[in-house]
Undergrad: 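Can you keep this structure in mind? I'll have questions shortly.
We name chains A, B, ... by the order of the sequence lines, and we start the count at 1 in each one.
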There are 2 protein chains.
Amino acid sequence: MKRTGFSKAECPVARALDAIGDWWSLLIVRDAFDGLRRFGDFQRNLGIAKGMLSTRLQKLVELDVLELVPASDGSAYQEYALTRRGRDLFPVIVGLRQWGEAHLYARGEAHSDLVDQAGQPVGQLVLPSRTGRPLNWSDTKVRKAVARKR
Amino acid sequence: MKRTGFSKAECPVARALDAIGDWWSLLIVRDAFDGLRRFGDFQRNLGIAKGMLSTRLQKLVELDVLELVPASDGSAYQEYALTRRGRDLFPVIVGLRQWGEAHLYARGEAHSDLVDQAGQPVGQLVLPSRTGRPLNWSDTKVRKAVARKR
DNA sequence: GCAACAGGTCCTATTATAGGACCAGATCGT
DNA sequence: ACGATCTGGTCCTATAATAGGACCTGTTGC
């Protein structure tokens, strides 16, 4: 009765969820995008139990989503920094954000906003075709895995 | 010691994860995008326990991500169809897929692919600024919720 | 030198998940 | 039209994950 795993799945969505699709991991990554770097910062901001946080941070480091770096304030402590792989989760976080904004708030209810450096709200995520034309769900389909290329 | 909830969070990412951020929901939605509609189809394809699936489907219907519609084959059964709100999860699924493809497969390892109607692989998700310039993580920041507008 | 802070580990109670038994209604085969 | 099987569940039990707190070690501030 072990929890079902998808780390060997042929579908990248399943593998991604296997890696980071739990309650806390993406919230930790979100906080990392917001600039949080220290154990205590995550713990206070999320209200997560320390044991859980410890487990999650270890897993994220193992996955190479976060890495431990010397603290930026010169103290003997360490900080958790996003790696390239972690930064590549940006579209996922933005996608969740935009879906949440669109569907999970009552009219007039306040939520945080993603803005560019000039303070302007960002646009919606776009999936371009190879030729640059924007695609929506009905323009696409999933092609099953084909034999490996050499 | 109830499981932590974020349904009232001010951050849309947290609310989104509260709604659909569990192990199964997004996989069910992924399958729905792939055209699966019946209880048994989901159950067989995911290998999920029926009880779990039942709970998840009910929650997704409650959230208005899926809806029950009469079976398309004319039988007395019902099917689960994506709603507008469910279809809006497309960028989230694609984001997870692209991250998984990029980081969770060994070189040469096979995975399924997202292609357009012509069979061409799709491009990477793009976050445009309001003026259309592509933004990456370092071009953006989160602005805390401001007082509600009237 | 000592109190408080940072960053954990470990234990316990509760909650969620996996898997299977079971069941009612719909459909199929003959 | 009748039994066998399929569909779509519910319910129960064992196991695994989570929440919360006690506790511990090394660091920092005073």
Undergrad: With the threshold set at under 4.0 Å for non-hydrogen atoms, list the residues of residues 31-58 of chain B touching DNA chain D in residue-number order.
TA: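 DNA chain D contact set from residues 31-58 of chain B: B:R38, B:F39, B:G40, B:K50, B:G51, B:S54, B:Q58.
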Undergrad: With a 4.5 Å cut-off on side-chain heavy atoms, are A:I48 and B:T4 touching?
TA: no
Undergrad: Do the non-hydrogen side-chain atoms of A:R38 and A:S75 ever get within less than 4.5 Å of each other?
TA: yes
Undergrad: For the residue pair B:V92 and B:V29, establish whether any side-chain heavy-atom pair is separated by less than 4.5 Å.
TA: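 Answer no - side chains too far apart.
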Undergrad: Got a sec, which pairs hit ring-ring contact (aromatic ring centres under 6.0 Å, His included) with one end in residues 109-139 of chain B, sequence neighbours left out?
TA: B:Y105-B:H111
Undergrad: What pairs of donor and acceptor atoms, side-chain ones from residues 62-69 of chain A against any protein atom, are under 3.5 angstrom apart with sequence neighbours left out?
TA:
none

Undergrad: Run through A:V115, A:L114, A:D34, A:D113 and flag the one making a side-chain contact (heavy atoms from CB on, under 4.5 Å) with B:K141.
TA: A:V115
Undergrad: Phosphate oxygens OP1/OP2 of D:dA19: is one of them under 4.0 Å from a side-chain N or O of A:W24?
TA: yes
Undergrad: Between atom CZ of A:R30 and atom CZ of A:R97, what is the distance when rounded to the nearest 0.5 Å?
TA: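 CZ of A:R97 is found 8.0 Å from CZ of A:R30.
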Undergrad: To the nearest angstrom, how far is A:L66 atom CG from C:dG7 atom C1'?
TA: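 Roughly 16 Å, once rounded to whole Å.
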Undergrad: What is the distance, to the nearest angstrom, from the CG atom on B:L68 to the C1' atom on D:dG8?
TA: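 That distance rounds to 11 Å.
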Undergrad: Between B:I28 (CD1) and C:dT17 (P), how many Å, whole number?
TA: 11 Å
Undergrad: Whole angstroms only, please: what is the OH-P distance between A:Y80 and C:dA6?
TA: 15 Å
Undergrad: Out of curiosity, does A:L57 fall in the hydrophobic cluster containing A:L36 (side-chain heavy atoms, cut-off under 4.5 Å, transitive links)?
TA: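 They do share one cluster, since a chain of ILVMFWY contacts under 4.5 Å joins A:L36 to A:L57.
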Undergrad: How far does the helix from C:dG1-D:dC30 to C:dT30-D:dA1 bend, going by the axes of its first and last five pairs, to the nearest 10°?
TA: 30°
Undergrad: Round to the nearest Å and state the distance from A:F6 atom CZ to C:dA18 atom C1'.
TA: 12 Å
Undergrad: Restricting to pairs with a member in residues 30-66 of chain A, which pass ring-ring contact (aromatic ring centres under 6.0 Å, His included), not counting sequence neighbours?
TA: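 ring-ring contact (aromatic ring centres under 6.0 Å, His included) check on residues 30-66 of chain A returns A:F33-A:F90.
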Undergrad: Between A:Q98 and A:L125, is there a donor-acceptor pair closer than 3.5 Å when you use the side chain of the first and the backbone of the second?
TA: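 The answer is yes, because a donor-acceptor pair under 3.5 Å joins these two groups.
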Undergrad: With heavy-atom distances below 4.5 Å as the criterion, would you say the side chains of B:D41 and B:E79 are in contact?
TA: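 In short, these two side chains do not touch, never coming nearer than 4.5 Å.
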Undergrad: Give me the distances for all protein-to-nucleotides 27-30 of chain C N/O pairs that come in under 3.5 Å?
TA:
| residue | atom | partner | partner atom | Å |
| --- | --- | --- | --- | --- |
| C:dT27 | OP1 | B:A76 | N | 2.5 |

